[in-house]
Amino acid sequence: MAIEKTFDAAEAEPRIAEMWETDGCFQAGANASKGADSYCIVIPPPNVTGSLHMGHALNNTLQDILIRWKRMQGFDVLWQPGQDHAGIATQMVVERKLAAEGSESRRDMGRAKFLEKVWAWKEESGDTIIGQLKRLGASCDWSRNRFTMDEGLSAAVRKVFVQLFKEGLIYKDKRLVNWDPHFETAISDLEVELVEVAPSKSGGKLWRFRYPLADGVTYEYREALSRDEDGNVTEWSEPETRDYLVVATTRPETMLGDSGVAVHPDDERYKDLVGKEVLLPLVNRRIPIVADDYADQTKGTGAVKMTPAHDFNDFQVGKRQNLRLVNVMTTRAAIWLKDNPDFLEGAEPEADAMALDGLDRFDARQKVIELLDARGLYDGADDNPHEVPHGDRSKVVIEPYLTDQWFVDAHTLAQPALEAVRSGETVFAPQNWEKTYFQWLDNIEPWCVSRQLWWGHQIPVWYGPDGHAFCEETEKEAQTAAKKHYNKKTKVPLTRDEDVLDTWFSSALWPFSTLGWPAQTPELQRYYKTDVLVTGFDIIFFWVARMMMMGKHFMKDAKGAPEAPFHTVYVHALVRDEQGKKMSKSLGNVIDPLELIDQFGADAVRFTLTSMAAMGRDIKLAVSRVEGYRNFGTKLWNAARFCEMNGCARDAKFDPSRVEQSVNRWIVGETARAREACDAALASYRFNDYAAALYNHVWRVFCDWYLELSKPLLQSEEDPTAKAETQATAAWALDQILLLMHPVSPFLTEELWRVTTGEATRKKPLVHGDWPTYSANEFADEDTDEEMQWVIRLIEEIRSVRSEMNAPPSAKVPLVLVGASPAVEARMQRNEAQVMRLARLESWEMKDAAPKGAVAVAVEEATACLVLADVIDVAAERKRLEKALAKAQKEAGGIEKKLSNESFLAKAPLEVVEEQRERLEAAKGDIARLGAALERLAEMG
RNA sequence: GGGCGCGUAGCUCAGUGGGAGAGCACUACGUUGACAUCGUAGGGGUCGCUGGUUCAAUCCCAGCCGCGCCCACCA
């Protein structure tokens, strides 16, 4: 079968993908050797309605490399795929879609109908990402695909929730949470991102207000003008009689919910005011002045207004100081005063204040400043740029908000998860991420897992008429529990908790829920604990840490000890644009991996990402790199064509350890070295080293040298034995390349595997090829390596000289070797056809002296003299020789200096000293030969 | 404020206690029917700065300068 002129990725990739799939090549255990160990990776589940971006492309390429590598090695491999329901993100997308279609809103249609719409959207778009992963070549066991809202995984969620509830590790609590006023739901700390706010009319400032003291109280106010090193005041300002306190705030509108003012107990300025009260402006509520360490004398005015219902710190202070919680906002962060009992109690709000009701918080902020200003209570403002929390999805300012929510006792669950990494049960690669992991888990806060959304796992809690919570996996069980609790025989009216769980709650169970848990399936027995998790560092907290917590809590090893979900967590970088910026739609710098695949083929995209996946560094992706690696694929393709044209057919009986020709012996050794390099790189997750080893071996070694050197053997009939051996060796070496390269470039290599069958047929597709195990110890030999290095060096030197002396490439020139030992002469004889062809020689001979008019180049112990033309450019040749001489002299000088240093000789390891001596000798030889050549040149005049 | 990381060729990045590397870009030249998605040759770096450890530092340590990211109470 003749190989096509070029590889048509667009045609071949879908065809090959289909072949793999219909033949079940990716199924768990496919190609497993007898009694093989398992090797399992669970995919980081992409959003079910999402589409493939560069991060996915990188993440899944790396996983696929490991999976294909292990599968070829004969492991019992499972790459478990699946998708995530992505609560907020998906609900957001569907709501947006409804709005765009002009259909009724989520609230108008109600929960059941809305969920129908989401499921419909999931059915419609859910396979998109799977198709895209397949285009990338991801060899997941697609027959085992899972979705976080599948019945099985939902059962796992319910079981985990109920068990944690019964263990007291999940509880309901009324406290401040991060509230997203856009989605009207609580979110976790992790879903909050801080955004710098520059000073403007509406934010980024510190406003000061005067709060009048109640009951006509006055005090002598003075300010610290200077302090000593310990912070003690050394100079006070003149005292001033005041009947008010000045408070500073970045959020004026929250003053409506103030229930106290805090000062530091040691603050001289306000000492006498503690226990007194101020009359809250506009609201006319009496609120206490309390002493609390939280107040910082050096910040603001030292007196800080307390709004325990709208500020996390104030909440804490309020608890300590018994301050009231006055919530003054709706779930959409509008001011809420009318019919607000907490607000109205103990207050006599002015009409102007009540007029704020219903205003958006930022409009209210302006209004409050104006109203206070009109009353002479505005005391100015300073610029105060600071970071404000925003919702990572909604991008609106997050409100600390007082609600009932469900929390997971993350602190308790974190301890075994920490221990798992501390003990080495699970290791991170690169290891420095362990520190990040420890730091977060060591300081972990309760995890708010309830969401006021509709798309997700509804919380398995039912409430009785008196509000008692029954947490059971089914309503039936809840009913049973309720009957028992209320001691009733008849049906108890129960209402289910409306909320759903944080998406990451179900993701946290992923490594075992996908394997069938809570059922004790064979897959769970076989593949848990999984081998490696491949993920980006941006979800170490969101996902990795939580999987560790849940895995350690729910899973047990054979001895009954808690078992972590992974042996290794490999953390890769983020893919950024060429300038190093995060790819984002708003910046317009997104590179679509599918477009790259269309343009260059999946293998080129995969190879590019792999070659750039050095540990601990972000990937700045340039399209030119992809093009370069597409060319690399083409190069290999053409090399295969060359082999085919020269009758390099596979020979099943070929024994690489028995070849005789130098070039063949050499490539066999080089191949073994490449195999070792690939394995070493992959075993240590050094993906870029793997790619570099392949690139170098295929292009620089196999194509540039081996194929070139083999041409005289292949294209001559002089020595049929040597020719046959070379044909077999080339075919073997190419096969090895296909095997070694398959994990990163599966399509191209599978296609070449198919079309280079030769006379023997392939027993299996390449995806199930047998990964080689030979070593350089077996195949490489020192003499051959030295010989080929010499040959290559000689050819390079001659080419270099020719080029520098402007010898026309078409001209064949005679070579004279001077000063060569018999061993070197034998080398030359063994490789004369190769040297003559690649160096474009007309003839070669040994002589004792250099011929007149020849240019000389030192090649180890010999001098290669090229008789270039009748007349050579003496000046140019002198320049060239002098340059080479200077280089050699510089090197010799450096080494001599080192070798004359006695401490070097005394303290450096012997082999280092020996190496330096050898290098000096070589340099001295070069100097002598180049010097001689210069002398001859001088004789010529 | 705490933590992590990065500064090596024009660009993007590997790398190592003892001879500075790759890809791309650039320059010159194109001979041999695998390949112009190519070949051959070439130019280009005081490895951020300053000290220290060492026989030896681009590499280890400290400090500094510059840049990035993560975490952390919005007075």
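In what follows, every chain begins at residue 1, and chains take the letters A, B, ... in the order their sequences are listed.
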Name every donor-acceptor pair, under 3.5 Å, that has one atom in a side chain of residues 887-895 of chain A and the other anywhere in the protein, sequence neighbours excluded.
{"from": "A:Glu891", "atom 1": "OE2", "to": "A:Arg919", "atom 2": "NE", "distance (Å)": "3.3"}
{"from": "A:Glu891", "atom 1": "OE2", "to": "A:Arg919", "atom 2": "NH2", "distance (Å)": "2.8"}

Without placing hydrogens or testing angles, list every side-chain donor-acceptor pair under 3.5 Å for residues 689-697 of chain A, not counting sequence neighbours.
{"from": "A:Asp689", "atom 1": "OD2", "to": "A:Arg686", "atom 2": "NE", "distance (Å)": "2.7"}
{"from": "A:Asp689", "atom 1": "OD2", "to": "A:Arg686", "atom 2": "NH2", "distance (Å)": "3.3"}
{"from": "A:Tyr690", "atom 1": "OH", "to": "A:Leu740", "atom 2": "O", "distance (Å)": "2.7"}

Listed pairs under 3.5 Å, donor-acceptor, residues 800-810 of chain A side chains, sequence neighbours left out:
{"from": "A:Ser800", "atom 1": "OG", "to": "A:Glu804", "atom 2": "OE2", "distance (Å)": "3.4"}
{"from": "A:Arg802", "atom 1": "NH1", "to": "A:Ala811", "atom 2": "O", "distance (Å)": "3.2"}
{"from": "A:Arg802", "atom 1": "NH1", "to": "A:Ala839", "atom 2": "O", "distance (Å)": "3.2"}
{"from": "A:Arg802", "atom 1": "NH1", "to": "A:Arg840", "atom 2": "O", "distance (Å)": "2.8"}
{"from": "A:Arg802", "atom 1": "NH2", "to": "A:Pro808", "atom 2": "O", "distance (Å)": "3.1"}
{"from": "A:Arg802", "atom 1": "NH2", "to": "A:Pro809", "atom 2": "O", "distance (Å)": "3.4"}
{"from": "A:Arg802", "atom 1": "NH2", "to": "A:Ala811", "atom 2": "O", "distance (Å)": "2.6"}

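The base of B:A34 lies close enough to the side chain of A:Glu708 for a donor and an acceptor atom to sit less than 3.5 Å apart. In the interface, the side chain of A:Thr250 is paired with the base of B:C74 through a donor and an acceptor atom under 3.5 Å apart.
Using a 4.0 Å cut-off, some side-chain N or O of A:Lys711 falls inside it from OP1 or OP2 of B:A34.
A side-chain N or O of A:Glu191 and one of A:Ser188 form a donor-acceptor pair less than 3.5 Å apart.
Residues in residues 309-321 of chain A take part in these side chain to side chain donor-acceptor pair (under 3.5 Å) pairs, two or more places apart or across chains: A:Asp292-A:Arg320, A:Asp292-A:Gln321, A:His310-A:Asn327.
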Polar pairs (N or O, both sides) under 3.5 Å between protein and nucleotides 44-46 of chain B?
none

I'd like a list of close polar pairs between nucleotides 25-29 of chain B and the protein, N/O only, cut-off under 3.5 Å.
none

Enumerate the protein-to-nucleotides 67-69 of chain B contacts in which both atoms are nitrogen or oxygen and the separation is below 3.5 Å.
none

With 3.5 Å as the limit, what N/O pairs link the protein to nucleotides 37-39 of chain B?
{"from": "B:U37", "atom 1": "O4'", "to": "A:Asn631", "atom 2": "OD1", "distance (Å)": "3.2"}
{"from": "B:U37", "atom 1": "O2", "to": "A:Arg630", "atom 2": "NE", "distance (Å)": "3.1"}
{"from": "B:U37", "atom 1": "O2", "to": "A:Thr634", "atom 2": "OG1", "distance (Å)": "2.4"}
{"from": "B:C38", "atom 1": "OP1", "to": "A:Asn631", "atom 2": "ND2", "distance (Å)": "3.0"}
{"from": "B:C38", "atom 1": "O3'", "to": "A:Lys635", "atom 2": "NZ", "distance (Å)": "3.2"}
{"from": "B:G39", "atom 1": "OP1", "to": "A:Lys635", "atom 2": "NZ", "distance (Å)": "3.2"}
{"from": "B:G39", "atom 1": "OP1", "to": "A:Trp699", "atom 2": "NE1", "distance (Å)": "2.5"}

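A:Pro389 comes within 4.0 angstrom of a base, heavy atoms only.
Between A:Phe702 and A:Tyr706, the ring planes are parallel. Angles under 30° get that label, and only those over 60° would be called perpendicular.
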Dot-bracket for RNA chain B, 5' to 3', Watson-Crick and G-U pairs with both distances under 3.5 Å, [ ] for crossing pairs, | for partner on another strand, reads (((((((..((((....[..)))).(((((.......))))).....(((((..]....))))))))))))....

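Evaluation of the side chain to side chain donor-acceptor pair (under 3.5 Å) rule for A:Lys205 yields no partner, not counting sequence neighbours. By the ring pair (Phe, Tyr, Trp, His ring centres under 6.0 Å) test, A:Tyr378 pairs with no residue at all, sequence neighbours left out. Residues satisfying the ring pair (Phe, Tyr, Trp, His ring centres under 6.0 Å) criterion with A:Tyr401, sequence neighbours excluded, are A:Trp179.
With salt bridges taken as basic N to acidic carboxylate O contacts below 4.0 Å, one links A:Lys395 and A:Glu193. Using a 4.0 Å cut-off between a side-chain N of Lys or Arg and a carboxylate O of Asp or Glu, A:Arg799 and A:Glu796 do not qualify as a salt bridge.
With a 6.0 Å cutoff to the six-membered ring centre and a 45° limit on the axis angle, A:Arg630 does not count as a cation-pi contact of A:Phe600.
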